Amino acid sequence: MEFLYFIAAILFAIIAYAVVSYFRMKKAVTTLTQDQFIEGYRKAQLIDVREPKDFAAGHILGARNIPQTQLRQRHKEIRSDKPVYLYDQNGARAGRVAIYLKKQGYDQVYQLQGGFKQWTGKIKSKS
């Protein structure tokens with residue numbers, strides 16, 4: 001019986017963590033559809049947070065690559081007075097980056113719904 005209580009407590013903790021994370025991300029970033037993203041990204045800083053090899057394989061035209069793994073060292077390259085449009089492969093990393101940028105004082109942070117995987121607009125690749 002104690003084992004069931006233990007399992008229930010673990011499940012509760014996991015669910016509580018997921019709910020808190022969801023609301024933290026909702027507060028930190030506005031998720032935009034592709035059309036909304038296209039509407040504003042030319043007036044913003046477009047940041048691809050994927051790793052360099054993924055960026056080189058293909059990225060949204062005009063994007064800069066600042067991988068999530070380098071963000072702590074490089075976040076000052078992103079201006080805090082202009083909107084920041086983020087994307088990654090599917091949306092998970094961009095949300096974590098948005099939370100970090102929010103903590104650093106960035107107010108206008110947006111992410112592409114579905115990430116690069118869902119993007120059908122113009123892209124650039126090295127191949």
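All values below were derived from every heavy atom in this structure, side-chain atoms included, with hydrogens, water molecules and symmetry-related copies excluded. None of the values given here were measured: they were computed from a predicted structure.
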Original post:
Okay, side chain of Q45, backbone of K82: is any donor-acceptor separation there less than 3.5 Å?
Top reply: yes
Original post:
Q118: what forms a side chain to side chain contact (heavy atoms under 4.5 Å, CB included) with it, not counting sequence neighbours?
Top reply: none
Original post:
Which heavy atom of A44 sits nearest a heavy atom of P83, and at what distance?
Top reply: CB-O, 3.4 Å
**OP:** Following the transitive rule for hydrophobic clusters with a side-chain heavy-atom cut-off under 4.5 Å over Ile, Leu, Val, Met, Phe, Trp and Tyr, establish whether I7 and I15 coincide in one cluster.
**Re:** no
**OP:** Nearest 0.5 Å please: distance from the CD atom of Q36 over to the CG atom of L112.
**Re:** 10.5 Å
Original post:
Can you tell if the side chain of Y87 reaches within under 4.5 Å of the side chain of R50, non-hydrogen atoms only?
Top reply: yes
Original post:
What residues form a side-chain hydrogen bond (donor to acceptor under 3.5 Å, both in side chains) with Q34, not counting sequence neighbours?
Top reply: T120
Subject >> Residue pairs fulfilling salt bridge (Lys or Arg N to Asp or Glu O under 4.0 Å) with at least one residue in residues 29-46, sequence neighbours excluded >> reply: none
Original post:
Can you say whether the rings of Y110 and Y85 are parallel (under 30°), tilted (30 to 60°) or perpendicular (over 60°)?
Top reply: tilted
Original post:
A94 and L86: which non-hydrogen atoms are nearest, and at how many Å?
Top reply: O-CD1, 3.6 Å
Original post:
Yes or no on side chain to side chain contact (heavy atoms under 4.5 Å, CB included) for K102 and I99, after CA distance, side-chain angles and deciding distance?
Top reply: CA-CA 5 Å; K102 228 16 171 185; I99 290 170; 5.6 Å; no
Subject >> Results of side-chain hydrogen bond (donor to acceptor under 3.5 Å, both in side chains) for S80 - residues two or more places apart only >> reply: none
Subject >> With Q113 via side-chain hydrogen bond (donor to acceptor under 3.5 Å, both in side chains) - residues at least two apart >> reply: none
Original post:
Just wondering, do Y41 and L32 contact through their side chains at under 4.5 Å, heavy atoms?
Top reply: no
Subject >> CA sep, side-chain torsions, deciding dist, call: R79, Y106, side chain to side chain contact (heavy atoms under 4.5 Å, CB included) >> reply: CA-CA 8 Å; R79 292 177 50 177; Y106 293 79; 6.0 Å; no
Original post:
To the nearest 0.5 Å, what is the distance between OH (Y5) and CZ (F12)?
Top reply: 15.5 Å
Subject >> Test side chain to side chain contact (heavy atoms under 4.5 Å, CB included) applied to I66 and L71, step by step >> reply: CA-CA 6 Å; I66 301 179; L71 189 70; 4.1 Å; yes
**OP:** Could you tell me which residues satisfy side chain to side chain contact (heavy atoms under 4.5 Å, CB included) with I10, sequence neighbours excluded, listed by chain and number?
**Re:** F6, I14
Original post:
Does Q111 use its side chain to pair, donor to acceptor, with the backbone of G95 at less than 3.5 Å?
Top reply: yes
**OP:** With sequence neighbours left out, write down each residue that passes side chain to side chain contact (heavy atoms under 4.5 Å, CB included) with N90, or none if nothing qualifies.
**Re:** D88, A92, K117
Subject >> E51: partners by side chain to side chain contact (heavy atoms under 4.5 Å, CB included), with sequence neighbours left out >> reply: D54, P67, T69, R93
Original post:
Under the side-chain hydrogen bond (donor to acceptor under 3.5 Å, both in side chains) test, which residues partner Q108, sequence neighbours left out?
Top reply: none
Subject >> H75 NE2 to Q104 CD distance, which is reported to the nearest 0.5 Å >> reply: 4.0 Å
Which donor-acceptor pairs under 3.5 Å do side chains of residues 55-64 form with protein atoms, sequence neighbours excluded?
| residue | atom | partner | partner atom | Å |
| --- | --- | --- | --- | --- |
| H59 | ND1 | F55 | O | 2.8 |
| H59 | ND1 | K124 | O | 3.4 |
| R64 | NH1 | E77 | O | 3.3 |

**OP:** Could you check I47 against I78 for side chain to side chain contact (heavy atoms under 4.5 Å, CB included), going step by step and ending with a plain yes or no?
**Re:** CA-CA 9 Å; I47 310 294; I78 305 169; 4.2 Å; yes
